[in-house]
Asks: 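Encoded as structure tokens, here's the structure I'll be asking about.
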Amino acid sequence: MQKVRTRIAPSPTGDPHVGTAYIALFNRCFAQQHGGEFILRIEDTDQVRSSAKSEQDILNALNWLGLSWSEGPDIGGEFAPYRQSERSALYNAEILKLLENQHAFRCFCTSERLQDLRVKQMGEKSTIGYDGHCLQISAEEVANKISRGEEHVIRMRIPEAGDCVFNDLLRGEIRIAWQQIDMQILIKSDGLPTYHFANVVDDHHMKISHVIRGEEWINSTPKHLLLYQYFGWEPPVYCHMPLLRNTDKSKLSKRKNPTSIGYYRDMGYLPEAVVNYLGMMGWTMPDGREKFTIQEMTASFDLSRVSLGGPVFDVTKLDWLNGKYIRENLNDEQFANLFAEWAFKPEKVARIIPLLKERVERFTDVAPLAAFFFAGLPEIDATRFEHKKLSQEDSRKILQFILWQLEQLRGFDRDDIEAACLGLAETLNTKIRDLLFPLFVAISGKSTSTSVIDSISILGLDITRARVRYAISVLGGISNKEAKAFEKEFRELGQASDKQLTND
RNA sequence: GUCCCCUUCGUCUAGAGGCCUAGGACACCGGGUUUUCAUCCCGGCAACGGGGGUUCGAAACCCCCAGGGGACGCCA
């Protein structure tokens, strides 16, 4: 039998997501249980959104959780490079085969035309997808357009009739009509491959035997399978895991839950507990044990024990588990070491000291003043936000606007944050002093504290987001109606483009 | 709108036709231990979405419905 090889293929376009860790965990357990390999590949074909920092954060986060891999961009391996941006030559060579066989074609349609088409199809009741417009263009015409340097993409052809039937390891037979499948773009006009193309090409060349991924990919599996068929390659076994959910059952999102692995690290969870908790999402040990290590999970792993209902990521149970780990797994010395390592990172302390020094008269003043740097959520209620000029709604709005503003920052230095706050104060025509007041309370729990801008920079976005959101909820929360109004206003202030706010 | 996936306590889940009066865990409530609190221990509350089949027997198998979720990007 073919050697088992699985992979996690994150896209470095944001914070390291617990969903990534979740899928990585199952891939790793499955591979190791079969004596195979678990590898990491970076899917950075989105030139605009990918960043080196995000890639590094993701690697750090997975390593922190102990989800190590045996091949990857950081350690190399037989099938290097493991970063898609470095594999263009391969994609270029492979797409040529498809073009030659007429399995793919060049498309010169403008995004405006495609947008109109989509709107029209929405209006009718038909399936949304490309209408095959450029399929009509003759070979000479295509050659002409190319010689003229016209911008274009490459799409794959899709059978006009019939069904794609495939087997999912957990769900059994899945049948999707080809008419439902769009003529997927394989190569973008910037010459880089889309996910669908790069993913299939790499999985084949990296000899991936089992693709264990989120349920969100079920509908695009036919495209992937068709590519394997076009190339004459043997496809992998597919297995679609349930999606982690918010409390309201929607797909786990940053808006409704802390999704960044960094958040859990900064909040003082133990990596073993977080991984254990993820292992309990949709899976159970055969003997029903709830506390188990990743090694124990691997040893008893059985993919068929995955249950398919989307598990709600409920921090309450994680809290209980983490407490159990702290009590049962750490002796006093280990606790002391881990705590010190977590709390007193030299670079963090070095930044906090100057802020404290100018405000204390005795060392006994330090702890009360600095406590919020080491705490989770502050103990606050609505009365804490009472202000002569700001109503509760004003405060909610300011906090939400600041949060949106912070989430768009590329850097997180005090100057970046200060600029963002000053800019917002100006566009809102509010004094910076008033604007910052609710932020002081949200972050430090008090209206007087060390510089809130420096503090935010030190605490980081994950913790800041959690506290600002908590403050908003303490202030009564934002209703759907209010949220819409806020978004509209924020956009009109020219603070965000259309997509930025809704993106996760 | 079109298609796909899913459905057991509030939450994570056990359950592979009789062991199910549906089990465990978190949360919650009550009690005990503890100088308080927490921990720890004991107890309690609480679920098979609905309707049809199949079967001697259905939480489990089939069908329909409903509900939830996902996908429909030159994002992944």
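Letters A, B, ... are given to chains in the order of the sequence lines, protein chains preceding strands, and every chain is numbered from 1.
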Asks: In whole angstrom, give the distance that lies between atom CE of A:Met156 and atom P of B:rG73.
Replies: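 These atoms are roughly 15 Å apart.
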
Asks: Would you classify A:Ser111 as touching base, sugar-phosphate or nothing, given that sugar-phosphate means primed atoms plus P, OP1 and OP2, and contacts are heavy atoms under 4.0 Å?
Replies: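 Nothing: the residue A:Ser111, judged by heavy atoms under 4.0 Å, touches no strand.
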
Asks: Taking the side chain of A:Lys188 as heavy atoms from C-beta outward, which of B:rG70, B:rC12, B:rC74 is closest to it?
Replies: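 Shortest atom-to-atom distance from the side chain points to B:rC74.
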
Asks: Ignoring hydrogens, what is the shortest heavy-atom contact between A:Trp283 and A:Asp302? Give both atom names and the distance.
Replies: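 For A:Trp283 versus A:Asp302, the nearest heavy atoms are NE1-O, 3.0 Å.
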
Asks: In terms of side-chain heavy atoms of A:Ile176, which of B:rG70, B:rC3, B:rC12 is nearest?
Replies: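 So the nucleotide nearest the side chain must be B:rC3.
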
Asks: By ring pair (Phe, Tyr, Trp, His ring centres under 6.0 Å), which residues pair with A:His205, not counting sequence neighbours?
Replies: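 Only A:Trp233 meet the ring pair (Phe, Tyr, Trp, His ring centres under 6.0 Å) criterion with A:His205.
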
Asks: By the 4.0 Å heavy-atom rule, please label A:Val153 as base, sugar-phosphate, or nothing.
Replies: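 Result for A:Val153 = base.
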
Asks: Using a cut-off of 4.0 Å on non-hydrogen atoms, how would the nucleic acid contact of A:Arg305 be classed: base, sugar-phosphate, or nothing?
Replies: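 A:Arg305: backbone/sugar contact only, no base atoms under 4.0 Å.
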
Asks: Identify which nucleotide among B:rC3, B:rG24, B:rA76 has an atom closest to any side-chain atom of A:Ser11, counting heavy atoms from C-beta outward.
Replies: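 Of the candidates, B:rA76 comes closest.
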
Asks: Which of these nucleotides, B:rC12, B:rC3, B:rC5, is closest to any side-chain atom of A:Glu215?
Replies: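 The listed nucleotide nearest to A:Glu215's side chain is B:rC5.
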
Asks: Which part of the nucleic acid does A:Glu290 contact within heavy-atom distance under 4.0 Å: base, sugar-phosphate only, or nothing?
Replies: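 A:Glu290: base contact, heavy atoms under 4.0 Å.
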
Asks: Which nucleotide in the list B:rC4, B:rA25, B:rA71 gets nearest to the side chain of A:Ile218?
Replies: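 Of all the options, the side chain of A:Ile218 is nearest to B:rC4.
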
Asks: Check this for me: does the side-chain of A:Arg49 come within 3.5 Å of the base of B:rC75 through a donor and an acceptor?
Replies: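 Checked by distance alone, the answer is yes.
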
Asks: Side chain to side chain contact (heavy atoms under 4.5 Å, CB included) for A:Leu25 and A:Met297? Distances and angles first, verdict last.
Replies: CA-CA 10 Å; A:Leu25 172 64; A:Met297 179 172 172; 4.0 Å; yes

Asks: Any cation-pi pair here, A:Arg155 with A:Phe105, using under 6.0 Å and within 45°?
Replies: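 Judged by the rule (NZ or CZ under 6.0 Å from the ring centre, within 45° of its axis), A:Arg155 is not positioned above A:Phe105.
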
Asks: Could you check whether A:Ser250 gets within reach of a base, just the sugar-phosphate, or nothing at all, counting any heavy atom under 4.0 Å?
Replies: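 Sugar-phosphate contact only.
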
Asks: I need the CG-P distance between A:Asn219 and B:rC72, as an integer number of Å.
Replies: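 Rounded to whole Å, this separation is 8 Å.
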
Asks: Do A:Lys53 and A:Glu55 meet the salt-bridge criterion of a basic N to acidic O distance under 4.0 Å?
Replies: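 No, A:Glu55 and A:Lys53 are not salt-bridged.
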
Asks: Is A:Thr247 touching bases, backbone alone, or none of the nucleic acid, heavy atoms closer than 4.0 Å?
Replies: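 Touches nothing.
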
Asks: Where the side chain of A:Leu308 is concerned, which of B:rC6, B:rC26, B:rU13 is the nearest nucleotide?
Replies: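 Looking only at side-chain atoms, A:Leu308 lies closest to B:rC6.
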
Asks: Closer to the 5' end of RNA chain B via nearest nucleotide, is it A:Tyr22 or A:Thr316?
Replies: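 Its nucleotide being nearer the 5' end, the pick is A:Tyr22.
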
Asks: Quiz question: going by heavy-atom distance under 3.5 Å, is there a donor-acceptor pair between the base of B:rA27 and the side chain of A:Lys317?
Replies: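 Flag unset: no donor-acceptor pair detected.
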
Asks: Which letters describe nucleotides 38-50 of chain B, given B = protein heavy atom under 4.0 Å from base, S = only from sugar-phosphate, - = neither?
Replies: -SS----------

Asks: Choosing from B:rG70, B:rA76, B:rC4, which nucleotide comes nearest the side chain of A:Lys251?
Replies: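 Of B:rG70, B:rA76, B:rC4, B:rG70 is nearest to the side chain of A:Lys251.
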
Asks: Looking at A:Tyr325, I'd like to know if the NZ or CZ of A:Lys291 sits under 6.0 Å from its six-membered ring centre while staying within 45 degrees of the ring's axis.
Replies: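 Yes.
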
Asks: Taking only residues two or more places apart in sequence, or in another chain, which ones meet A:Tyr230 in a ring pair (Phe, Tyr, Trp, His ring centres under 6.0 Å)?
Replies: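 For A:Tyr230, the residues satisfying ring pair (Phe, Tyr, Trp, His ring centres under 6.0 Å) (neighbours in sequence not counted) are A:His103.
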
Asks: Scan A:Cys109 against the nucleic acid and name what it touches under 4.0 Å (heavy atoms): base, sugar-phosphate only, or nothing.
Replies: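 Result for A:Cys109 = base.
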
Asks: Within the structure shown, what part of the strands sits under 4.0 Å from A:Gly309 by heavy-atom distance: base, sugar-phosphate, or nothing?
Replies: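 Here A:Gly309 touches the backbone only, sparing every base.
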
Asks: Does A:Gly214 reach a base, just sugar-phosphate, or nothing at all? Heavy atoms under 4.0 Å.
Replies: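 No contact.
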
Asks: Using Watson-Crick or G-U wobble geometry with both distances below 3.5 Å, tell me the partner of B:rG43, or none.
Replies: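 Result: B:rC29.
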
Asks: Checking contacts here: which listed nucleotide (B:rC74, B:rA76, B:rG68) is nearest the side-chain heavy atoms of A:Lys249?
Replies: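 Nearest to the side-chain atoms of A:Lys249, counting from C-beta on, is B:rG68.
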
Asks: Is the shortest side-chain N/O distance from A:Arg118 to OP1 or OP2 of B:rC74 below 4.0 Å?
Replies: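 Result: yes.
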
Asks: Write down the distance between CZ (A:Arg245) and C1' (B:rC6), rounded to a whole number of angstrom.
Replies: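 Between C1' of B:rC6 and CZ of A:Arg245: 7 Å.
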
Asks: Tell me which of A:Val306 and A:Thr194 sits closer to the 5' end of RNA chain B, going by the nucleotide each one is nearest to.
Replies: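 Taking each residue's closest nucleotide, the earlier one in sequence belongs to A:Val306.
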
Asks: In the structure shown, which nucleotide is the Watson-Crick or G-U wobble counterpart of B:rA16, with both distances under 3.5 Å?
Replies: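 Its partner is none (no Watson-Crick or G-U wobble pair with both distances under 3.5 Å).
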
Asks: Figure out the CE/C1' separation between A:Met281 and B:rA25, and round it to whole Å.
Replies: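 Those two atoms, CE and C1', are 12 Å apart.
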
Asks: Partner of B:rU21 by Watson-Crick or G-U wobble geometry, both contacts under 3.5 Å, or none?
Replies: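 Check on B:rU21: unpaired, no WC or wobble geometry under 3.5 Å.
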
Asks: Go through A:Met280 and A:Leu321 one step at a time and tell me if the side chain to side chain contact (heavy atoms under 4.5 Å, CB included) criterion holds.
Replies: CA-CA 11 Å; A:Met280 288 166 50; A:Leu321 230 205; 4.1 Å; yes

Asks: Using a heavy-atom cut-off of 4.0 Å across all strands, would you classify A:Ile174 as base, sugar-phosphate, or nothing?
Replies: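 Sugar-phosphate, backbone atoms only, no base.
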
Asks: Across all strands, who's sitting opposite B:rC61 as a Watson-Crick or G-U wobble pair, both distances under 3.5 Å?
Replies: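 WC or wobble partner is B:rG53.
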
Asks: In whole angstroms, how far is the C1' atom of B:rC75 from the NZ atom of A:Lys223?
Replies: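 It is 12 Å, rounded to the nearest whole Å.
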
Asks: Identify the residue among A:Trp320, A:Tyr22, A:Tyr264, A:Phe313 that makes a side-chain contact (heavy atoms from CB on, under 4.5 Å) with A:Tyr277.
Replies: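 Answer after filtering A:Trp320, A:Tyr22, A:Tyr264, A:Phe313: A:Phe313.
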
Asks: For A:Lys97, is there an ion pair with A:Glu100 - N to carboxylate O distance below 4.0 angstrom?
Replies: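 Salt bridge flag = no for A:Lys97 with A:Glu100.
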
